[in-house]
Structures are given as C-alpha cells and as structure tokens.
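Convention: sequence-line order gives letters A, B, ...; per-chain numbering from 1. Remember, predicted model here, so these are calculated numbers, not experimental data. Every heavy atom of this structure was used, including side-chain atoms; hydrogens, water molecules and symmetry mates were not.
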Amino acid sequence: LAKTTQPISMDSYEGQEVNITCSHNNIATNDYITWYQQFPSQGPRFIIQGYKTKVTNEVASLFIPADRKSSTLSLPRVSLSDTAVYYCLVGPGRGGATNKLIFGTGTLLAVQP
Amino acid sequence: DTAVSQTPKYLVTQMGNDKSIKCEQNLGHDTMYWYKQDSKKFLKIMFSYNNKELIINETVPNRFSPKSPDKAHLNLHINSLELGDSAVYFCASSTGGVASEHSYNEQFFGPGTRLTVL
C-alpha cells in the first residue's frame, strides 16, 4: 500500500489560498488520491478524490501531476472555520476496496485572523 | 438525523476493567470500521467488517473484539483495559468492501468516543 508524506502543520491567514502537498512515490496504477478533513472533536469527513489532472468541487480543488507521485489540495480563500487536520490517502477509489484505505499523520492547518 | 452515532461520547474507567463502545449507522452501508486516534492525532484502522469478512489490523491486541448484532451496528469490546488504550475511538461506515463505480469509497465517521483509562 502506498505511503503518503505531508507537512505536519501549516499556517495561513483568512482570505488566502492554501495549498497542501502530499507525496506518494509508490502509488499504484489503480490507486486514487483522497483527502479528508477533521475538525477538533469530530470524526474525519471526505473532501475530494481524484485520479489524475485536476478535480474541483464546492469545497476544494485537487491537482495531480502526470506522474501522480504527488498531489496538492487547494483551499480557496480560507476562513477561520477551515482550521482542521487534512489527511491525504492513497488507495482504491471507485470500484475498489474501501477497507484498504490508510490514514497518515495529516497536516494541521491553522488559519489566523 | 445522525448518520453514524457512537455511545458513550466519553468513557472513564479503571485499568483491568472490561468496557464496550456502541456504534450504529443509518446509511444502509455494508461495511463498518473502528479506528483509534492517539494523542498525536495519528488515525489507525483497527477493524473493518461486513457480513462476509472481518479484517483485523495485526497490531491490534486480542483484548479488542468487534461484535456485530446486525448490519447497522458494530460494537467494540475491550477486555482488561490498559493505560495505553486511552485514546479517541472512531466508528465509520461505507458502502461496502468493494464500492460501485459511482462511489468515492467515502467513509462516514462517527463523532468519536474519548476513552480514558486511569
């Protein structure tokens, strides 16, 4: 199973765009890249998933280069409420086994006023 | 309505005791999970379970056992509690061990149970 590496923490200010990069050098051909968000005292929740190029939804964008060895989660114009831990996961996506997903240590994003 | 619920939210107990944490999901999912999150926020899967397969993380002591009375419930039983068991335990569920082509294999998490062993 592919291992992921992401920064332990990041700081930002309200209104800024935040980019969190995750490295996954051993990603397999069938693996997808998924990001979860965890607020304090809550369970993680799904944000976005992609396989290659760019994916965008109402919450974030996910950029994946052609070699797929890394990915970048982009949060536009963050607010204080975006302070959370963001987890990058690599594993089965659509049609794959959900129970093979592995959470890493995550990135603690602290948004300042 | 809460999709994945856990009880209790907080659990404080003495070393050596046996305790259970309950989990229920009303999403109609086939697969449920238990995770342990330690003080460093590392989230580690303990079990994944559906009606066909129980997958146990080999690092989980056999003092921990999942019990599923039906598809909507997966309870966690812990025997002979130790200090190192103190953590937040999360239950989660998903559409299945093998998701459909239209699913993001998304896991839905409960609010967590903070276990403190004294």
Original post:
Stepwise, does the side chain to side chain donor-acceptor pair (under 3.5 Å) test hold for A:Q49 with B:E106?
Top reply: CA-CA 9 Å; A:Q49 184 182 85; B:E106 177 182 353; over 6 Å; no

(Q) Test side-chain contact (heavy atoms from CB on, under 4.5 Å) on B:Q107 and A:Y36; report intermediate values, then the result. (A) CA-CA 9 Å; B:Q107 293 186 24; A:Y36 280 74; 3.6 Å; yes

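Of the atoms belonging to B:F90, it is side-chain heavy atoms, and not backbone ones, that fall under 4.5 Å from chain A. Only the side chain of B:Q37 comes within contact range of chain A, judged by heavy atoms closer than 4.5 Å.
Residue-environment remark: NZ (B:K9) exceeds the threshold of 12 foreign heavy atoms within 6.0 Å. The local environment of CG in B:N62 is sparse, with at most 12 non-hydrogen atoms from other residues, nucleotides or ligands closer than 6.0 Å.
Under the 4.5 Å side-chain heavy-atom criterion for ILVMFWY residues, no single connected hydrophobic cluster contains both A:V59 and A:F63.
To the nearest 0.5 angstrom, A:F46 atom CZ is 12.0 Å from B:F109 atom CZ.
Every side-chain hydrogen bond (donor to acceptor under 3.5 Å, both in side chains) that A:Q16 has, sequence neighbours left out, goes to A:S12.
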Could you tabulate the donor-acceptor pairs under 3.5 Å formed by side-chain atoms of residues 72-80 of chain A, not counting sequence neighbours?
residue : atom : partner : partner atom : Å
A:T72   : OG1  : A:T21   : OG1          : 3.2
A:S74   : OG   : A:N19   : OD1          : 3.0
A:S79   : OG   : A:S81   : OG           : 2.9

